[in-house]
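The structure appears below as structure tokens.
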Amino acid sequence: NLSALRMSYVAFLPAIFDSQVDANITYNLTSKQGQFSVLAPTGQFKAGETSYLIFLLSGYDLTHERFVNSNLTGAIDHDDTNFTIYMGSGEGYLKIPEGHLNLADKNINASFQLKIKDKDLNGNIEGDIYNPKVNVKSSTYIKGKINNVIDKHIPKDLKAPINDLLKLFN
């Protein structure tokens, strides 16, 4: 039973999730390879850039959400770590089906899927783990908001060309 925040500090990683976790880690010091599995029975995101960006895009404050039975699994090969994350809550989930972290240069590349209530975001997190770039690739929620604005404020003769442009973002 470990603190997720303390594990983050020990690994020199940003602390973004607060929870008590159960961890199973096997690591061969000679081959520098291993596997890990971390289960968080309950937990909560800490306020920060990630939660703020999600709030700006969706209007939902992720720091108020309680996640249950969240898990992080992965494999370590020298400085490279491949991982998956699933975090579920009563209102939705956060998934990282494929993530890669280079521990030497502290770079991350991970696709994500977030759904909270009727709001969804899909995209990619990449770059320095302390200041990653988050790219939203798709969102039915945001697309619906844009379509509502187009319907209300754009003249009929301009709607078709604008909708054609929006198809480029699918």
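Along the sequence shown, residues carry numbers from 1. Source: prediction; values computed, not measured. Note: hydrogens, waters and symmetry copies are ignored here, and every other heavy atom, side chains too, is used.
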Note to self: Show, in sequence, the C-alpha distance, side-chain angles and deciding distance for Phe17 and Leu5, and conclude whether the side-chain contact (heavy atoms from CB on, under 4.5 Å) test is met.
What the structure shows: CA-CA 7 Å; Phe17 191 70; Leu5 294 177; over 6 Å; no
Any chance you could measure [X], atom [atom1], to [Y], atom [atom2], to the nearest 0.5 Å?
{"X": "Lys137", "Y": "Leu121", "atom1": "NZ", "atom2": "CG", "result": "13.0 Å"}
{"X": "Lys46", "Y": "Ser19", "atom1": "NZ", "atom2": "OG", "result": "13.0 Å"}
{"X": "Asp120", "Y": "Asn122", "atom1": "CG", "atom2": "CG", "result": "6.0 Å"}
{"X": "Ile129", "Y": "Asp105", "atom1": "CD1", "atom2": "CG", "result": "9.5 Å"}
{"X": "Asn148", "Y": "His153", "atom1": "CG", "atom2": "NE2", "result": "9.5 Å"}
{"X": "Tyr27", "Y": "Leu29", "atom1": "OH", "atom2": "CG", "result": "6.5 Å"}

So, for [X] and [Y], which heavy atoms are closest and what is the spacing to 0.1 Å?
{"X": "Leu62", "Y": "Ser51", "value": "CB-CB, 4.4 Å"}
{"X": "Ile85", "Y": "Met87", "value": "CG2-CG, 3.6 Å"}
{"X": "Ser111", "Y": "Asn124", "value": "N-OD1, 3.4 Å"}

Margin query: Can you confirm whether Pro97 sits close enough to Gln113 that some side-chain heavy atom of one is under 4.5 Å from a side-chain heavy atom of the other?
Written below: yes
Next item on the list: Check whether any side-chain heavy atom of Asn109 sits under 4.5 Å from a side-chain heavy atom of Ile125, and report yes or no.
Entry: no
Checklist line | Residue Gln20 excluded, over 12 heavy atoms near CD under 6.0 Å | finding: yes
Hydrophobic clustering (ILVMFWY, side-chain heavy atoms < 4.5 Å, transitive) - are [Y] and [X] grouped together?
{"X": "Leu39", "Y": "Ile25", "answer": "no"}
{"X": "Phe55", "Y": "Ile116", "answer": "no"}
{"X": "Leu53", "Y": "Ile96", "answer": "yes"}

Could you pull out every donor-acceptor pair under 3.5 Å between side chains of residues 63-83 and any protein atom, sequence neighbours left out?
unit_1: Thr63; atom_1: OG1; unit_2: Asp61; atom_2: OD1; d: 2.6
unit_1: Thr63; atom_1: OG1; unit_2: Asp61; atom_2: OD2; d: 3.3
unit_1: His64; atom_1: NE2; unit_2: Asp61; atom_2: OD2; d: 3.0
unit_1: Glu65; atom_1: OE1; unit_2: Tyr60; atom_2: OH; d: 2.1
unit_1: Glu65; atom_1: OE2; unit_2: Ser89; atom_2: OG; d: 2.6
unit_1: Arg66; atom_1: NH1; unit_2: Gln44; atom_2: OE1; d: 3.2
unit_1: Thr73; atom_1: OG1; unit_2: Thr84; atom_2: OG1; d: 2.8
unit_1: Asp77; atom_1: OD1; unit_2: Gln33; atom_2: NE2; d: 3.0
unit_1: Asp80; atom_1: OD1; unit_2: His100; atom_2: NE2; d: 3.3
unit_1: Asp80; atom_1: OD1; unit_2: Asn102; atom_2: ND2; d: 3.1
unit_1: Asn82; atom_1: OD1; unit_2: His100; atom_2: ND1; d: 2.8

Next item on the list: Please test Asn24 against Phe36 for side-chain contact (heavy atoms from CB on, under 4.5 Å), starting from the C-alpha separation and ending with a verdict.
Entry: CA-CA 6 Å; Asn24 183 6; Phe36 58 90; over 6 Å; no
Checklist line | Parallel, tilted or perpendicular: ring planes of Tyr93 versus Tyr86, cut at 30 and 60 degrees | finding: parallel
Next item on the list: Using only heavy-atom distances, determine whether the side chains of Asn107 and Asp128 contain a donor-acceptor pair under 3.5 Å.
Entry: no
Notebook entry, point to check: When you measure from the side chain of Lys115 to the backbone N and O of Lys117, does any donor-acceptor pair fall under 3.5 Å?
Noted result: yes
Checklist line | Val134 vs Phe112, side-chain contact (heavy atoms from CB on, under 4.5 Å): CA-CA, chis, key distance, verdict | finding: CA-CA 10 Å; Val134 178; Phe112 70 89; 3.9 Å; yes
